[in-house]
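What follows is a set of notes on a single structure, which appears directly below.
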Amino acid sequence: MPEGHSVHRLARQFNDVFAGSVLAVSSPQGKFAAGARLIDGQALERAEAHGKQMFLTFSHELILRVHLGLYGAWDFGGDSTFTGASSIGAPRRIGEQEVAGDSGGWGHGGPPEPKGAVRVRLVSAHGWADLRGPTACEVLTPSEAAVVRRKLGPDPLNNLPGDGGEFGRRIRKSITSIALQLMKQEVLAGVGNVYRAEVLFRLGLDPMRPGKSLQVEEARALWEDIAKIMADGVRDGRIITTELGDRPSGLGAAVGRGLDAALLGSRPNKDVPVQDAHYVYKRVGQPCRHCGTVIAMAELGGRKLYWCPHCQSGKA
DNA sequence: GATTAATGCTAAA
DNA sequence: TTAGCCTTAATCT
């Protein structure tokens, strides 16, 4: 269940390793055979991310739209030219979690036998990419792609001028709870269940507040914090929302003992233990990192919502 | 080894 | 509203 940061890393990876290259496109699984024929043999012009969706534009202007959904993922492999072109560390896999390291599988100048249900395989002169388990995978014309993108709200990782204000107008339009609205891709594109829970905690907002009740200033702060922690996610390749001083182990503890946080340099979130990465997400029953109150959980709109009943009550 | 839940969305009913 | 995608890590026996 990758959120927007993973999709932006994917787009970067495709631009790094495939842009300008002619791609052989196939569907080993067979389910995308017709679509694959439409783009087979074309050069990839560019990759773009909008929220949780990725758009690959080919030289004849057709566009491959991919949404990873619940457990979709891309696997990569290739020669040294291919891995060397990656600016994000030549990952072996990008999906719900990112896997680093060598994929093997370019031994005889080509990709390995597809394992499992590979919906799409892309092969260039130097490497390959396999897509499994996507929710959406289709070839669109430019105008069809524009229709899809018009339905999406602003993406905090693109953060174009005016996007913050547009987000504020959209979320303040409805009495629907801000917890539900943050998951709506037409309000803002890219936030999922982890960032939703974490940003509401970071700003001390009650998840059940109606969007309409947000002050303009509160909506702006919400947008800015989402943009910040998601940009961290793009940099780190994982979701880490805790501040250094709120981490009980590892370097957070060292800082607590007096180590200068500045020593951490450009990688402030390097090697954060998983149990220290979040404030509330999947921490039901555990003590709040700020006040010790037991973290609560409830099902809302079919998804689990986590929050601190004290820090996010409006009384804290 | 078997079962379950999961950082979503789509399409059928 | 519900099934489906068909993977993976964590949890259970």
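The sequence lines fix the lettering, A, B, ..., with proteins before strands; numbering per chain opens at 1.
Annotation: salt bridge (charged side-chain N to carboxylate O under 4.0 Å, His left out) contacts involving residues 17-34 of chain A, sequence neighbours excluded, are absent. Sorted by first and then second residue, the ring pair (Phe, Tyr, Trp, His ring centres under 6.0 Å) pairs involving residues 219-249 of chain A (not counting sequence neighbours) are A/F167-A/W223. Pairs passing the side chain to side chain donor-acceptor pair (under 3.5 Å) check and including a residue from residues 9-26 of chain A, sequence neighbours excluded, read A/R9-A/E98, A/Q13-A/S86, A/D16-A/S87.
With sequence neighbours excluded, no residue forms a ring-ring contact (aromatic ring centres under 6.0 Å, His included) with A/F58. The side-chain contact (heavy atoms from CB on, under 4.5 Å) test applied to A/M54 returns A/V7, A/L10, A/A11, A/F14, A/L56, A/W74, not counting sequence neighbours. Residues that satisfy the side-chain contact (heavy atoms from CB on, under 4.5 Å) test with A/D79, not counting sequence neighbours, are A/T81, A/F82, A/W106, A/H126. For A/R202, the side-chain contact (heavy atoms from CB on, under 4.5 Å) criterion is met by A/D225, A/K228, A/I229, A/T241, A/E243, A/Y279, not counting sequence neighbours. Applying the salt bridge (charged side-chain N to carboxylate O under 4.0 Å, His left out) test to A/D155 and every residue at least two apart in sequence or in another chain returns nothing.
Separating the NE2 atom of A/H5 from the C1' atom of B/dG8 is a distance of 14 Å, rounded to the nearest angstrom. Look at CG on A/L152: it is 10 Å from P on B/dC9, rounded to the nearest Å. What separates CD of A/E96 from C1' of B/dC9 is a distance of 15 Å, to the nearest Å. In this structure, A/E98 atom CD and B/dT7 atom C1' are separated by 14 Å, rounded to whole Å. Atoms CG (A/L200) and C1' (B/dT7) sit 15 Å apart, rounded to a whole Å. In this structure, CG of A/L70 is placed 8 Å from P of B/dT7, rounded to the nearest angstrom. As a whole-Å value, the separation of A/Q97 CD from B/dT7 C1' is 10 Å.
Using a 4.0 Å cutoff on non-hydrogen atoms, no part of residues 173-187 of chain A comes near DNA chain C. Contacts between residues 8-17 of chain A and DNA chain C, counted as heavy-atom distances below 4.0 Å, involve no residue at all.
The outermost nucleotides of DNA chain C lying under 4.0 Å from heavy atoms of chain A, listed 5' to 3', are C/dC5 to C/dA9.
Counting any heavy atom pair closer than 4.0 Å across all strands shown, A/Q29 reaches sugar-phosphate atoms only and no base atom.
With both ends at atom P, the span from C/dC6 to B/dA12 equals 15 Å, rounded to whole Å. Between B/dT7 and C/dT1, the distance separating the two C1' atoms is 24 Å to the nearest Å.
The phosphate of B/dC9 (OP1 or OP2) has a side-chain N or O of A/K52 nearer than 4.0 angstrom. Distances shorter than 4.0 Å separate some side-chain N or O of A/R65 from OP1 or OP2 on B/dT10. Put simply, A/Y195 has no side-chain N or O that comes within less than 4.0 Å of OP1 or OP2 on B/dT7.
Looking at A/R65 and A/Q53, their side chains do bring a donor and an acceptor atom within 3.5 Å of each other.
Checked against the 6.0 Å centroid threshold, A/F201 and A/H290 count as a close aromatic pair.
Here the side chain of A/A136 is nearest to one of B/dT10, B/dA6, B/dG8, namely B/dT10.
For the pair A/V99 and A/R119, both in contact range of DNA chain C, the more 5′-proximal nearest nucleotide belongs to A/R119. Across the interface with DNA chain B, nearest-nucleotide mapping of A/E138 and A/G190 shows A/G190 to be the residue nearer the 5′ end.
If you chain together ILVMFWY residues whose side-chain heavy atoms come under 4.5 Å of each other, A/V99 ends up in a group of its own.
Formation of a donor-acceptor pair under 3.5 Å by the A/T293 side chain with backbone atoms of A/C288 is not found in this model.
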